[in-house]
Amino acid sequence: MGLEDLQHNFLTGRLEDLVKWARRMSVWPVTFGLACCAIEMMAVGAADFDLSRFGMEVFRASPRQADLMIVAGRVSQKMAPVLRQVYDQMMEPKWVISMGVCASTGGMFNNYAIVQGVDQIIPVDVYAPGCPPSPETLMHAILTLHEKIRTGAITRRRDEGGAGREELAGWVPERPDAVRLGTPR
Amino acid sequence: MTVEPGEGLLFPHRDEYHDVVRSHREQGFEMCSDLCAVDYLAHGGRRLPDGVTPERFEVVAELLSVEHRRRVRLRVQVPESDPEVDSLWDLYPGVEAMEREAFDMFGIRFAGHPDLTRILMPDDWEGHPLRKDYGVGRVPVQFKEAPGPR
Amino acid sequence: MREHDVEQELVAETYEGDQEIVPRDRTSPDELRREVGAVLRLPENYGLEGAEVDIERTGDDTMIINMGPQHPSTHGVLRLMMELDGETVLRTKPIIGYLHTGMEKTGEELTYQQGATNVTRMDYLSPLNNELVFALAVEKLLGVELPPRAVWIRMLLSELQRVSSHLMWLATNGMDVGSTTMMIFGFREREMLLAFFEKTTGLRMNHNFIRPGGTAADLPDGWEDDVTLICDTVERRLDTYDELLTGQPIFRERMEGVGAITADEALALSVTGPILRSTGVPWDLRRTMPYLAYDELDFDVIVGTYGDNFDRYAIRLNEIRESIYMIRQILERMPQGDYRVQDKKVTPPPRARIDESMEALIHHFKLFTEGFKVPEGEVYVAVESPRGELGCYLVSDGSAKPYRLHIRGPSFVNLQALPVMLRGGLVADAVATISSVDPVMGEVDR
């Protein structure tokens, strides 16, 4: 049965689903590789663990053109205001993956020089553990993010919490929802 | 100035430090490999040759001779009350960053350095982190027996 | 002055005060002499005149731009402030510290056994070299003699790490110059090496494998086949890269003559590694001050002539070849024996013995909770990392933790050569030159 036998030539669906599909299939990261995790992030973009199959191989240098910030590496006290500035320059909708333990919680460096968790500065959507997370772990984190975008959990929570707007004083990090992992349906 | 047995370890006094390094440079030590500082505040007791009075800080310079394949290490005692030492920048321009780091981390001033500013910490940071009386800055973690902030 | 105030408002949070470059009208003539390298105080017979300093250019002719800590070049969080006259770079000031982790302070809180985990994250492109220099320093203070197999395993891993680091450099340098193909090729080869490291040490990066006393474990069965495969594949593919880059006119135009530095300047700035060798000085610590068993291996020290970017590229490419030649020799000559020293006070006992012997259990407990004590003293040890002379100055006070751990990072010192290399060049060459210096910000900022 070929296309010429189709009686109806239109499909219905929700616009929101189309928008979410477009958003998660072409998330463009901004280059924010800081330390060792950056090497693993580059390895994810390279041949063996190809990030291009998710449409993400273009790492945009300019934050204005990017959707996703993968904070890959330890954030020092001097880098923290820069991090916030780059995050502020990104356009909504934007997501943050905190890659590695140093970005998530300060990692093994519990001292004066490292910000103990990048979620003290910017809201984080997915945390990827590891020191450094192997490329498979990072891809798992990215797929989790895709799943969250697909189900809309993020935009719903943002509307409730008011994140992404300027009044972030007193912002409290929330517990992320448990997400069913696996192949997106 | 006293020489310890074992090649290449010297303990010049603060006043003659610059001249000793200059004479080494003229003898063929073309490169200064490393220059760092040590804070001996919490040290039990270090071995020093006779005639060298121990002070709180030590500036350690490591010189390298490419021609003769030799290294020599100079340790200068720097008192806490007047933490200033001559800069080696006019002899070895490569120590610029290393001396800035010693200033940033320990607060030792180098007289004659062209640009003695902080290098690793933000510009408005207070304190010198690698001193022994500066805490690590641990944040308490939610484990039962974790040590508190220091 | 008004422009400066507006600028300050906008960048108030990231303004770094005295660490930034100062506009021309507020700069001393001494500082302006940096533009012509007169600041290097070269010997008098080099003949730099004061007239070479251009005092007629005022602040309005030049522009200060900021290549911020986040930028497209893949070399980490290095911030460069450049003063430009049109497209020509005059003064440059690198501002570092954006990755400062307090590793030297953390090193004083960890025992010697744990120290390798901390030190390994400094130069994250060749982490085993960091662990090696730390372990060598501790062993020198301890006064232990390593069994030959431990020494040769360390050499094998160190050379494999050099290959992987230079492949990574080829990849990122290719990317910075514009060749994305080189990036994919470099990472593809590197994956083979990382798979071998994962098989041997358990991790792809930041291995914590070379510890004071030897290595953490022996090489896995079948390692000879893996290493032979790696050597053959990389050697064959190096010829492809040679063809892709060396003969290509665009690459040559972009790299030849750019970022040149002379031998005198390099020595005065304490620059080591491929940069120093590219100026013609044949200084390689593996040959001139051998450590481990490098004096028993046969290899050449690759030296360049002009000190420009192309020479550094050629040196690194050929160093991969030399390293592979060395790895083949190590393959043939690897001795049998222990992979770590058998001193009970330093090395933990094998896990099986803990069930049998009380003494082994006690040793294991004390080693992993308190750590072994190192006699009082101080030592400086240096190895040749892919970036230059990687040194460790260790002061011990007789306890189980280092009193002062200072790592001389080669990139930290090599970055001082950047203003000299960028001077007089074009802005577009800045990225290529930074890339050829191969800085790793982890060891710059520690």
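All values derive from a computational prediction rather than experimental measurement. Below, read A as the first sequence line, B as the second, and so on, with proteins coming before strands; counting in each chain starts at 1.
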task = Check salt bridge (charged side-chain N to carboxylate O under 4.0 Å, His left out) between A/Asp17 and all other residues, then give those that pass, not counting sequence neighbours.
result = A/Arg14
task = Could you tell me which portion of C/Thr117 (side chain, backbone, both or neither) has an atom closer than 4.5 angstrom to a non-hydrogen atom of chain A?
result = both
key: With sequence neighbours excluded, residues passing salt bridge (charged side-chain N to carboxylate O under 4.0 Å, His left out) with C/Asp123   = C/Arg387
key: Which portion of C/Met205 sits near chain A, non-hydrogen atoms under 4.5 angstrom   = both
request  = Answer with side chain, backbone, both or neither: which region of C/Ile96 has an atom nearer than 4.5 Å to a non-hydrogen atom of chain A?
outcome  = backbone
request  = Select one option (side chain, backbone, both, neither) describing which atoms of C/Arg121 are under 4.5 Å from chain A's heavy atoms.
outcome  = both
query = Does anything in residues 129-138 of chain A get under 4.5 Å of chain C by heavy atoms, and if so which residues?
reply = A/Cys131, A/Pro132, A/Ser134, A/Pro135
key: Rounded distance [0.5 Å steps], CG in C/Leu99 versus CZ in A/Arg74   = 4.5 Å
inquiry  = How close do A/Ser76 and C/Tyr98 get, counting heavy atoms only, and between which atoms?
reply    = OG-O, 2.8 Å
task = Go through A/Phe109 and C/Thr106 one step at a time and tell me if the side-chain contact (heavy atoms from CB on, under 4.5 Å) criterion holds.
result = CA-CA 7 Å; A/Phe109 300 112; C/Thr106 308; 4.2 Å; yes
query = Looking at C/Gly102 and A/Ala113, what are the two nearest heavy atoms and their distance?
reply = N-CB, 3.8 Å
inquiry  = Heavy-atom cut-off 4.5 Å, strictly under: side chain, backbone, both or neither for C/Asp445 against chain A?
reply    = neither
remark   = Note: A/Ala46 and C/Ile184 closest approach over all heavy atoms is CA-CD1, 4.1 Å
request  = Report the distance from atom OH of C/Tyr124 to atom CD1 of A/Ile39, rounding to the nearest 0.5 Å.
outcome  = 5.5 Å
key: Contacting region of A/Val86 [heavy-atom separation from chain C under 4.5 Å]   = side chain
inquiry  = Just to be sure I understand the criterion: a residue of residues 188-195 of chain C counts if one of its heavy atoms is under 4.5 Å from a heavy atom of chain A. Which ones qualify?
reply    = C/Arg188, C/Arg190, C/Glu191
message = Is any side-chain heavy atom of A/Lys78 closer than 4.5 Å to one of C/Ile95?
response = yes
request  = Measure distances from A/Ala38 to the heavy atoms of chain C and classify the residue's part below 4.5 Å as side chain, backbone, both or neither.
outcome  = neither
request  = Under 4.5 Å, counting heavy-atom pairs only, tell me which of A/Ser62, A/Ala47, A/Ala80 racks up the most with chain C.
outcome  = A/Ala47
task = Identify which of C/Thr180, C/Val440, C/Asn118 forms the greatest number of heavy-atom pairs closer than 4.5 Å to chain A.
result = C/Asn118
Spatial distance of atom CZ (A/Phe59) from atom CE (C/Met175) [nearest 0.5 Å] = 9.0 Å
request  = Nearest 0.5 Å please: distance from the OG1 atom of C/Thr101 over to the CE atom of A/Met108.
outcome  = 9.5 Å
query = Are any non-hydrogen side-chain atoms of A/Met42 and C/Met168 less than 4.5 angstrom apart?
reply = yes
key: Test item: A/Asn111 side-chain N/O and C/Lys105 main-chain N/O as donor-acceptor pair under 3.5 Å   = no
